[in-house]
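Everything below concerns the one structure shown next.
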Amino acid sequence: MEITSLADLLDVQDLDLQIDRLLEKRQSLPELAAYKDAHEREQTLKAEMDVASDELRTLELEFDKSEGELQILESKLNQHETRLFAGGMSGRETEHMRLEVQSLHGQREALEERVLSMLERLDPAREHKAELEARAAAVAGEKAALEKKIKAEWKQIDAELARKEERKKEALVPVPGDLVELYEALRRSKEGVAIGRFEHGVCGGCHMALSPAEQAETFADEIPRCVHCRRLLVA
Ligand SMILES: [Zn+2]
């Protein structure tokens, strides 16, 4: 009775090892590492895009403000010049107005230079932002493709896992509950291998030899266990 159960457990062990390998494969797909890498790159790009957007917005606001100031200056200059050309002012007034116009010309020149230098910075800033957006879109595409691949592989692995679990359930049917408990406990403490085949005087679990006396003692037991590693043994 127990001998048959132990042989059944050997089948269970084989299935469990296959399940372990499938679970390991599920968690270590190369696409998962590639996805993580793409995700990190995307996060970095998003942070860079935030900075680029802020810089561009500041630059655009400054540009608009300076253009507004330039317009006001132009119209003031226009008024003053019209007044000068119209004449009819006293000598002192004319001199005052002339100096004022001269000063406004200077201010306009400085402001025009500022607007021009801003214009020169605007285009590269817009290009930089667009380039980051294009790179982020490419990474998003990469992520979507990887996600699709991972889902497909997981679907396949999960189907295989379900088949193995089903077979394990069937293999466990004839095994008594306390033996299953012992098996599961040994699986947890013995790196997943609870039971081994005893062949050519060697334990299939720890690969150590048992002396004839140890063999006799081991297999006199209803549930034979290796004297070295305490795993279950099937002769
Ligand atoms: Zn052993």
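- The environment of CD in Q71 is sparse: at most 12 heavy-atom neighbours from other residues, nucleotides or ligands sit within 6.0 Å.
- Side-chain contact check for S103 and Q107: at least one donor-acceptor pair (N or O, by modelled atom type) lies under 3.5 Å.
- Taking 4.5 Å as the limit, some side-chain heavy atom of R114 sits within range of a side-chain heavy atom of L111.
- Summarising the geometry, atom CZ belonging to R83 is positioned 13.0 Å from atom CD belonging to E100; distances are rounded to the nearest 0.5 Å.
- The CD atom of E112 lies 12.0 Å from the OG atom of S66; values are rounded to the nearest 0.5 Å.
- With hydrogens and angles left out, the side-chain atoms of E48 and H128 include no donor and acceptor closer than 3.5 Å.
- No donor-acceptor distance shorter than 3.5 angstrom exists from the side chain of R187 to the backbone of V193, with no hydrogens or angles considered.
- Heavy atoms of other residues, nucleotides or ligands lying less than 6.0 angstrom from CZ of R225 number more than 12.
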> Do E74 and N78 pass the side chain to side chain donor-acceptor pair (under 3.5 Å) test, and can you show the C-alpha distance, the side-chain angles, and the key distance before you say yes or no?
Replying inline: CA-CA 6 Å; E74 299 262 20; N78 230 6; over 6 Å; no
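- Applying the 6.0 Å contact sphere to NZ of K168 captures more than 12 heavy atoms from other residues, nucleotides or ligands.
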> Under the side-chain contact (heavy atoms from CB on, under 4.5 Å) criterion, do H105 and Q102 qualify, and how do the steps go?
Replying inline: CA-CA 5 Å; H105 271 291; Q102 204 173 34; 5.7 Å; no
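- Taken together through direct or relayed side-chain contacts under 4.5 Å among Ile, Leu, Val, Met, Phe, Trp and Tyr, L32 and L23 form part of one hydrophobic cluster.
- Linking ILVMFWY side-chain heavy atoms closer than 4.5 Å, directly or via other members, places L172 and I19 in two distinct hydrophobic clusters.
- A 6.0 Å sphere centred on CZ of R167 holds no more than 12 heavy atoms belonging to other residues, nucleotides or ligands.
- Residues S117 and E113 are not in side-chain contact: their nearest non-hydrogen atoms beyond the backbone lie 4.5 Å or more apart.
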> For R126 and E60, what are the C-alpha separation, side-chain angles and deciding distance, and is it a salt bridge (charged side-chain N to carboxylate O under 4.0 Å, His left out)?
Replying inline: CA-CA 10 Å; R126 284 186 181 126; E60 279 172 340; 3.2 Å; yes
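- In this structure, F219 is a member of the same hydrophobic cluster as V227, with clusters built from ILVMFWY side-chain heavy atoms closer than 4.5 Å.
- What you find for D8 and P174 is that their closest heavy atoms are OD2-CG, 3.1 Å.
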>> Could you walk me through whether D54 and R57 satisfy the salt bridge (charged side-chain N to carboxylate O under 4.0 Å, His left out) test, starting with their C-alpha distance in whole Å, then the side-chain angles of each, then the deciding distance to 0.1 Å, before giving a yes or no?
In response: CA-CA 5 Å; D54 282 351; R57 200 175 309 119; 3.2 Å; yes
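- Between L45 atom CG and E133 atom CD the span is 11.0 Å, to the nearest 0.5 Å.
- For L104 against L73, the heavy-atom pair with the smallest separation is CD2-CD1, 3.6 Å.
- Under the 4.5 Å side-chain heavy-atom criterion for ILVMFWY residues, no single connected hydrophobic cluster contains both V234 and L17.
- Of all heavy-atom pairs spanning L22 and E160, the tightest one is CD2-OE2, 3.8 Å.
- When all heavy atoms are compared, the tightest approach of A194 to Y183 is CB-O, 3.3 Å.
- Atom NZ of K190 has more than 12 neighbouring heavy atoms from other residues, nucleotides or ligands inside a 6.0 Å radius.
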>> Let's go through D37 and R41 carefully: what are the C-alpha distance in whole Å and the side-chain angles of both, what is the deciding distance for salt bridge (charged side-chain N to carboxylate O under 4.0 Å, His left out) to 0.1 Å, and is it a yes or a no?
In response: CA-CA 6 Å; D37 175 67; R41 275 184 285 135; 3.1 Å; yes
> Given the rule in the salt bridge (charged side-chain N to carboxylate O under 4.0 Å, His left out) test, do E131 and R135 qualify, once you have shown the distances and angles that lead to the verdict?
Replying inline: CA-CA 6 Å; E131 191 216 320; R135 277 167 62 196; 3.6 Å; yes
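- Here the side chains of E166 and R163 are not in contact, with every heavy-atom distance at 4.5 Å or above.
- Residue V175 is grouped with residue L232 when hydrophobic side chains (ILVMFWY) are merged at heavy-atom distances under 4.5 angstrom, including chains of intermediate members.
- The CG atom of L182 sits 8.5 Å away from atom CG of L9, with the distance rounded to the nearest 0.5 Å.
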>> Run the side-chain contact (heavy atoms from CB on, under 4.5 Å) test on K76 and I72 for me, step by step, so that the C-alpha distance in whole Å, both residues' side-chain angles and the decisive distance to 0.1 Å come before the verdict.
In response: CA-CA 6 Å; K76 199 170 169 189; I72 292 167; 5.5 Å; no
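- Taking the side chain as every heavy atom from C-beta outward, D123 and L119 never approach each other to under 4.5 Å.
- Within a 6.0 Å radius of CD in E184, other residues, nucleotides and ligands contribute more than 12 heavy atoms.
- Panel note: side chain E95, backbone S90; no donor-acceptor pair is recorded below 3.5 Å.
- With hydrogens and angles disregarded, no donor-acceptor distance shorter than 3.5 Å links the side chain of E31 to the backbone of L146.
- From I150, atom CD1 reaches atom NZ of K155 across 16.0 Å, with rounding to the nearest 0.5 Å.
- Counted within 6.0 Å of CD on E67, heavy atoms from surrounding residues, nucleotides or ligands total more than 12; the atom is thus considered enclosed.
- Checked for salt-bridge contact, K143 and E147 miss the test: no charged N lies under 4.0 Å from a carboxylate O.
- Annotation: H96, atom NE2; neighbour count of heavy atoms from other residues, nucleotides and ligands within 6.0 Å does not exceed 12.
- The shortest non-hydrogen separation linking H228 to C206 is CB-SG, 4.0 Å.
- Among all heavy-atom pairs drawn from L77 and V101, the shortest one is CD1-O, 3.7 Å.
- Separation of atoms CG (L99) and OG1 (T94) is listed at 11.0 Å; rounding is to 0.5 Å.
- A salt bridge links E40 with K36: the closest approach of a Lys/Arg side-chain nitrogen to an acidic carboxylate oxygen falls below 4.0 angstrom.
- L29 has its side chain within reach of W154: a pair of non-hydrogen atoms, C-beta onward, lies under 4.5 Å apart.
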